[in-house]
Structures are given as C-alpha cells and as structure tokens.
Amino acid sequence: RVHGGIGSTAAALTFDKDFQEERRKASTKSEEGVTRGIEMGGKSLARGIFGGLSGLVESPKHGYEQGGAKGMAKGLGLGVVGLVTKPVSGAADAVSFSAKGVQHSLQKKKDVPKK
C-alpha cells in the first residue's frame, strides 16, 4: 500500500494528465499472479522512465506551441520535474504490482482445498 501511495503522489507531481491517465488505466488491470505482477510492474517502470525522458523534450515543445518562449520555459520546468517524478512513480508501481501479484498467488494457494 505504501508503494502505491508513493506512486500516486509522484504521478500527481508530474502535472502530466496523460501520464496520470495511463497510470490509472494500468492500475485497474488485474495482477493474477507473480508473473503477471512482475510483467505489469516492468511495464510501469518502463513507462515511467520513457515518460520522464520524452517529457524533457515534449513538454518544452508543447509549451512553446501554447505560449511562445514563456510557455517553453514553463514546459522545460515541467519536463525536469517529470524527469524525476515519472520514473519514481513507475518504480513504486513496479514494486506495488509485483507485491500484489505475490499476494494474489499466495491467496490462491491458501484457498486450494486440501485432500
């Protein structure tokens, strides 16, 4: 739970609505076991790293298109913030998804009737 909270906080600090929406959609998918949890965690980590790096270019570009040089400066600031917060969010989600996958697998084993 703590990992999910860290991931949510870091995602909110990105100020990137698209990143937040992608993260929200990914978090609604089921982690049916260890393998699926690790897979989802790896994708989340990759999304965070890629989002952080691409935002460093895309945010200033988008800012410039919206508000000229002033918008570009704002976009650069958002890109730098996202360079840190998006990978942190992805890493926290990776731990959370993996842990949920393990928990789900253990719960399934516990629920199997003994002969």
Side-chain angles (χ1 to χ4, degrees):
R1 280 216 145 139
V2 171
H3 304 107
I6 292 169
S8 296
T9 301
L13 291 174
T14 66
F15 302 103
D16 183 334
K17 300 294 182 202
D18 293 334
F19 179 80
Q20 293 168 0
E21 180 62 18
E22 282 181 39
R23 182 183 175 278
R24 187 195 61 74
K25 284 180 183 177
S27 70
T28 61
K29 295 179 181 173
S30 174
E31 38 315 286
E32 297 149 358
V34 176
T35 305
R36 180 74 173 135
I38 291 171
E39 175 189 338
M40 290 176 62
K43 287 180 180 181
S44 182
L45 179 59
R47 184 175 39 257
I49 292 169
F50 178 75
L53 292 172
S54 65
L56 197 55
V57 174
E58 292 296 321
S59 293
K61 178 183 165 197
H62 180 71
Y64 181 78
E65 291 168 354
Q66 299 297 314
K70 191 174 181 179
M72 183 175 170
K74 181 180 176 184
L76 181 60
L78 290 173
V80 169
V81 169
L83 184 62
V84 174
T85 57
K86 289 177 182 181
V88 168
S89 175
D93 287 344
V95 171
S96 181
F97 283 133
S98 298
K100 286 179 186 176
V102 169
Q103 179 183 19
H104 191 274
S105 290
L106 292 174
Q107 187 63 41
K108 282 174 97 175
K109 280 187 176 186
K110 184 179 173 185
D111 291 341
V112 173
K114 294 182 181 176
K115 293 183 181 181

Quiz item: If you measure from CG on Asp18 to CD on Glu58, what distance do you get to the nearest 0.5 Å?
Solution: 11.0 Å
Quiz item: Closest heavy-atom contact between Phe19 and Gly48?
Solution: CE1-CA, 4.0 Å
Quiz item: Is there side-chain contact between Lys61 and Glu65, with at least one heavy-atom pair below 4.5 Å?
Solution: yes
Quiz item: When rounded to the nearest 0.5 angstrom, what distance separates CZ in Phe97 from CD in Glu39?
Solution: 11.0 Å
Quiz item: What closest approach, in Å, do Thr85 and Thr14 show between heavy atoms, and which atom pair accounts for it?
Solution: OG1-CG2, 3.0 Å
Self-check item: ILVMFWY cluster, Leu56 and Leu45 together (side-chain gap under 4.5 Å)
Solution: yes
Quiz item: Any side-chain heavy atom of Ser89 sitting closer than 4.5 Å to one from Arg23?
Solution: yes
Exercise. Over all heavy atoms of both residues, which pair between Pro87 and Gly82 is shortest? Give the atoms and the distance, please.
Key: CD-O, 3.5 Å
Self-check item: Nearest heavy atoms of Ala10 and Val88, plus distance in Å
Solution: CB-CG1, 4.0 Å
Self-check item: Nearest-0.5 Å distance, CD of residue Gln20 to CG of residue Leu13
Solution: 9.0 Å
Self-check item: CZ-OG distance between Arg36 and Ser98, expressed to the nearest 0.5 angstrom
Solution: 12.0 Å
Exercise. Following the transitive rule for hydrophobic clusters with a side-chain heavy-atom cut-off under 4.5 Å over Ile, Leu, Val, Met, Phe, Trp and Tyr, establish whether Ile49 and Val81 coincide in one cluster.
Key: no
Quiz item: If you look at every heavy atom in Gly75 and Ser59, which pair is closest and at what distance?
Solution: O-CB, 3.1 Å
Practice problem: For the pair Leu83 and Leu53, evaluate side-chain contact (heavy atoms from CB on, under 4.5 Å) and give the outcome as yes or no after the intermediate values. | Solution: CA-CA 6 Å; Leu83 184 62; Leu53 292 172; 3.8 Å; yes
Exercise. With rounding to the nearest 0.5 Å, note down the distance linking NZ in Lys70 to OH in Tyr64.
Key: 15.5 Å
Quiz item: Is Glu21 salt-bridged to Lys17, going by a charged N under 4.0 Å from an acidic O?
Solution: no
Quiz item: Is the side chain of Ser105 donor-acceptor paired with the backbone N or O of Gly101 at a distance under 3.5 Å, no angle test?
Solution: yes
Quiz item: To the nearest 0.5 Å, what is the distance between OG (Ser54) and CZ (Arg47)?
Solution: 12.0 Å
Quiz item: Going by heavy atoms in the side chains, are Leu78 and Asp16 under 4.5 Å from each other?
Solution: no
